[in-house]
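In what follows, a single structure is set out as structure tokens and then discussed.
The basis for the numbers below is simple: all heavy atoms, side chains too, and nothing from hydrogens, waters or symmetry mates. Here is the naming used below: chain letters follow the sequence lines, and residue numbers restart at 1 for every chain. Note that the coordinates shown come from a computational prediction; the quantities given were computed from them, not determined experimentally.
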Amino acid sequence: MLDIQLLRNDLDGVAERLATRGYTLDCAGFRRLDSERKTLQTRTQDLQARRNALSRQVGVAKSRAEDVTAILDEVAACKAELETNEAHLDQLLAELDAFVARVPNLPQADVPLGRSADDNVENKRWGTPRSFAFTPRDHVDLGEALGQMDFAAAVKISGTRFSLIKGQLAHLHRALAQFMLDTHTAQHGYAEIYSPYLVNAASLFGTGQLPKFEDDLFKILRPEAEPLYLIPTAEVPVTNIVRNEILSAEALPLKFVCHTPCFRSEAGSYGRDTRGMIRQHQFDKVELVQIVAAEASSAAHEELTAHAERILELLELPYRRVTLCTGDMGFSSAKTYDLEVWLPAQQAYREISSCSNFAAFQARRMQARYRGARGRPELVHTLNGSGLAVGRTLVAVLENYQNADGSIAVPRLLQPYLGGRQRIAVD
RNA sequence: GGAGAGGUGGCAGAGUGGUCGAAUGUACCUGACUCGAAAUCAGGCGUAGGUGGAAGCCUACCGUGGGUUCGAAUCCCACCCUCUCCGCCA
């Protein structure tokens, strides 16, 4: 959420910066709402002040056993106006809140301008895509030939966009998550979190998934209780650890890593990536989250992204890093790096991690603060990134490490996690 | 699931209808004392919004949302959450 003061003070400047990400800010609408609010709020507060003063007089007069009917009449006179004003003001404030809650974050100044993914800027490439002496197969062919990937079973059990893996591939999937967790906790200083997979609406509002993106979520309705939502990413439960908290400056930075399944309805992506495990209703992800002081967030963003890159490097998977342009960034992000892994069957780099700095955008929604040098509570900055998406990492390992006979070499550092196994083949 | 207790400022903890945004303690900040520190003493110290050049003034907030009242932290209703005991359960 943007600071409503910023909208009041520099509406045109905000609109200009939001236009770079393809968002049209309804300036006229905001000005109308806010000026109406201002008039009404001033009037309402005057009436409240008068009522409070008169009510105090009642108390004083009564303690002196004086007649109070004249004062009571006067209060009654302003009460009707006060009540309609208060009701109208509440409604206006709610409209303003709703308006601001749907405005996306401002892009950081160094984010490249652009309209779509075509305008994203490649920052670096790591590794050299392997040249194959045979035509590399994609992960679906490989997995099904191994007898360890069964999409038909997944469709029968649940429906489309689910997957089922078994045997050594299921073990490899587990090993990847373990390896990522171990690396981030032992080498990068993250504290491991185990979190709920069902969260309430307030948490989703905090990280920015609600109110705008409810269609992307799986929602559990409960007749006698608040609805719960399946988490679309561990970002939601983990970042919300600090919701409504005031942290001490010494407690920062907080660095959390959390492995969870993620659930996405993928509404609006029908027909995209329908084959295989690339785009699923359910997938596992190891998520990195940092909660930092305001001035530290840009450096933390570089650091967190490097931590995610480290996993790809240790697994010796070629990748590139791109900076998302203004038009391609997510709603809450101030700046995002995507990491894209090389998939030989597609002859393309595909997203495997997204690392974002949200600045104070989520913190303002969550009221997550710390006591800084000035002693006053200040909003923290929040960041997160995939470190990495486990399912897509499995896909990348299968495709990059495949042999001509359809077996899969196990990346060196994963071998201890698989009991020393060097090769995955038909059971 | 049943019974009971409770949610107040960074923390602890008073306050059961009338200048209560809230005693007190503690933490923190400033000053005095000190070579310095501790102890002591004095003062300050919640959040958000409005208005004003500023000092200031005003409004809202005592889990959340409603209600009663001239006036609500305090009374009533609903909800959320926490704790204790019992039951059940991995």
Side-chain angles (χ1 to χ4, degrees), chain A residues 1-9 11 30-31 33-101 194 196-206 210 220-229 237 240-252 254 291 293 360 363-380:
Chain A
M1 201 158 62
L2 298 180
D3 186 354
I4 196 163
Q5 298 296 355
L6 185 63
L7 292 175
R8 285 177 185 147
N9 297 335
L11 189 63
F30 179 82
R31 284 206 177 89
L33 266 180
D34 196 52
S35 75
E36 201 179 341
R37 181 220 104 239
K38 196 164 171 171
T39 313
L40 198 60
Q41 184 166 357
T42 311
R43 177 66 185 147
T44 303
Q45 292 186 352
D46 285 347
L47 287 167
Q48 285 170 330
R50 183 139 160 264
R51 178 205 58 199
N52 290 346
L54 290 170
S55 291
R56 273 195 289 271
Q57 285 178 34
V58 172
V60 173
K62 275 194 171 172
S63 69
R64 294 184 195 139
E66 293 170 1
D67 180 41
V68 295
T69 51
I71 308 175
L72 292 185
D73 287 348
E74 207 180 335
V75 181
C78 72
K79 198 177 177 183
E81 188 187 353
L82 181 57
E83 276 174 2
T84 53
N85 275 20
E86 278 179 338
H88 190 186
L89 181 62
D90 282 352
Q91 186 200 324
L92 269 177
L93 289 174
E95 280 178 48
L96 266 176
D97 281 349
F99 182 98
V100 178
Y194 171 79
Y197 301 158
L198 296 173
V199 294
N200 56 33
S203 294
L204 287 156
F205 179 87
L210 288 181
I220 314 283
L221 292 169
R222 298 185 295 173
E224 300 294 333
E226 298 283 298
L228 290 171
Y229 299 79
N240 273 279
I241 289 171
V242 297
R243 173 153 56 90
N244 289 329
E245 299 292 335
I246 299 178
L247 307 161
S248 69
E250 303 81 64
L252 302 179
L254 292 171
I291 313 290
R364 188 171 290 107
R365 297 168 87 90
M366 291 191 298
Q367 284 302 296
R369 294 169 293 177
Y370 71 107
R371 233 169 251 285
R374 285 178 288 284
R376 293 173 53 78
E378 296 177 55
L379 295 168
V380 298

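Looking at heavy-atom distances under 4.0 Å, L54(A) makes no contact with the nucleic acid at all. R43(A) comes within contact range of no nucleotide atom at all, as no heavy-atom separation falls under 4.0 Å. If you check every strand for non-hydrogen atoms under 4.0 Å, E86(A) touches nothing.
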Show each protein N/O and nucleotides 59-63 of chain B N/O combination with a separation under 3.5 Å, one pair to a line.
| unit_1 | atom_1 | unit_2 | atom_2 | d |
| --- | --- | --- | --- | --- |
| U59(B) | OP1 | N52(A) | ND2 | 3.2 |
| U59(B) | O3' | Q48(A) | OE1 | 3.3 |
| U59(B) | O2' | Q48(A) | OE1 | 2.7 |
| A60(B) | OP1 | R51(A) | NH2 | 3.1 |

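Of all nucleotides present, none satisfies the Watson-Crick or G-U wobble test against C35(B) with each distance under 3.5 Å. Judged by Watson-Crick or G-U wobble contacts below 3.5 Å, the nucleotide G65(B) has C77(B) as its partner. In a base pair of the Watson-Crick type (N1 to N3 plus N6-O4 or O6-N4) or a G-U wobble (N1-O2 and O6-N3), with each distance short of 3.5 Å, A54(B) is matched with no nucleotide. In a base pair of the Watson-Crick type (N1 to N3 plus N6-O4 or O6-N4) or a G-U wobble (N1-O2 and O6-N3), with each distance short of 3.5 Å, G1(B) is matched with C86(B). Nucleotide C20(B) has no partner under the Watson-Crick or G-U criteria, as no pair reaches both atom distances under 3.5 Å. Nucleotide C28(B) forms a Watson-Crick or G-U wobble pair with G44(B), both donor-acceptor distances falling under 3.5 Å.
Atom name C1', nucleotides C33(B) and A27(B): the rounded distance is 23 Å, in whole Å. C85(B) and C79(B) have their C1' atoms separated by 24 Å, given to the nearest Å. Separation of the C1' atoms belonging to G21(B) and C61(B) is 9 Å when rounded to the nearest angstrom. Taking atom P on both U74(B) and G15(B), the two are 15 Å apart, rounded to the nearest angstrom. Between A32(B) and G25(B), the distance separating the two P atoms is 23 Å to the nearest Å. The gap from the P atom of G2(B) to that of U8(B) amounts to 26 Å, rounded to the nearest Å. U82(B) and A90(B) have their C1' atoms separated by 24 Å, with the value rounded to a whole Å. Spacing of C1' atoms, C45(B) relative to U26(B), comes out at 13 Å, to the nearest Å.
With RNA chain B read from its 5' end, the first of the two nearest nucleotides for A76(A) and S55(A) is the one closest to S55(A). For D3(A) and V75(A), each mapped to the nucleotide of RNA chain B holding its nearest heavy atom, the one lying further toward the 5' end belongs to D3(A).
Shortest non-hydrogen contact noted between S203(A) and R243(A) is OG-NH2, 2.8 Å. Scanning both residues, L252(A) and Y370(A), for their nearest heavy atoms gives CD1-CG, 3.6 Å. Across all non-hydrogen atoms, the minimal contact from R365(A) to L210(A) is NH2-O, 2.8 Å.
The ring pair (Phe, Tyr, Trp, His ring centres under 6.0 Å) test applied to Y229(A) returns no partner, not counting sequence neighbours.
One can place CZ of R243(A) at 12 Å from C1' of C81(B), the figure rounded to the nearest angstrom. Residue E226(A) contributes atom CD, which lies 15 Å from atom P of U64(B) at whole-angstrom precision.
No side-chain donor-acceptor contact under 3.5 Å links N52(A) and S55(A).
A salt bridge does not link R43(A) with D46(A): none of the charged nitrogens is closer than 4.0 Å to a carboxylate oxygen.
Contact annotation: R37(A) side-chain N/O to G50(B) OP1/OP2 distance is under 4.0 Å. In terms of phosphate contacts, Q367(A) brings no side-chain nitrogen or oxygen within less than 4.0 Å of OP1 or OP2 of G46(B).
Note that CE of M1(A) and CG of D97(A) are 7.0 Å apart. Values are rounded to the nearest 0.5 Å.
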In sequence, state the C-alpha distance, the side-chain angles, and the governing distance for E226(A) and N200(A), and then conclude on side-chain contact (heavy atoms from CB on, under 4.5 Å). CA-CA 8 Å; E226(A) 298 283 298; N200(A) 56 33; 5.8 Å; no
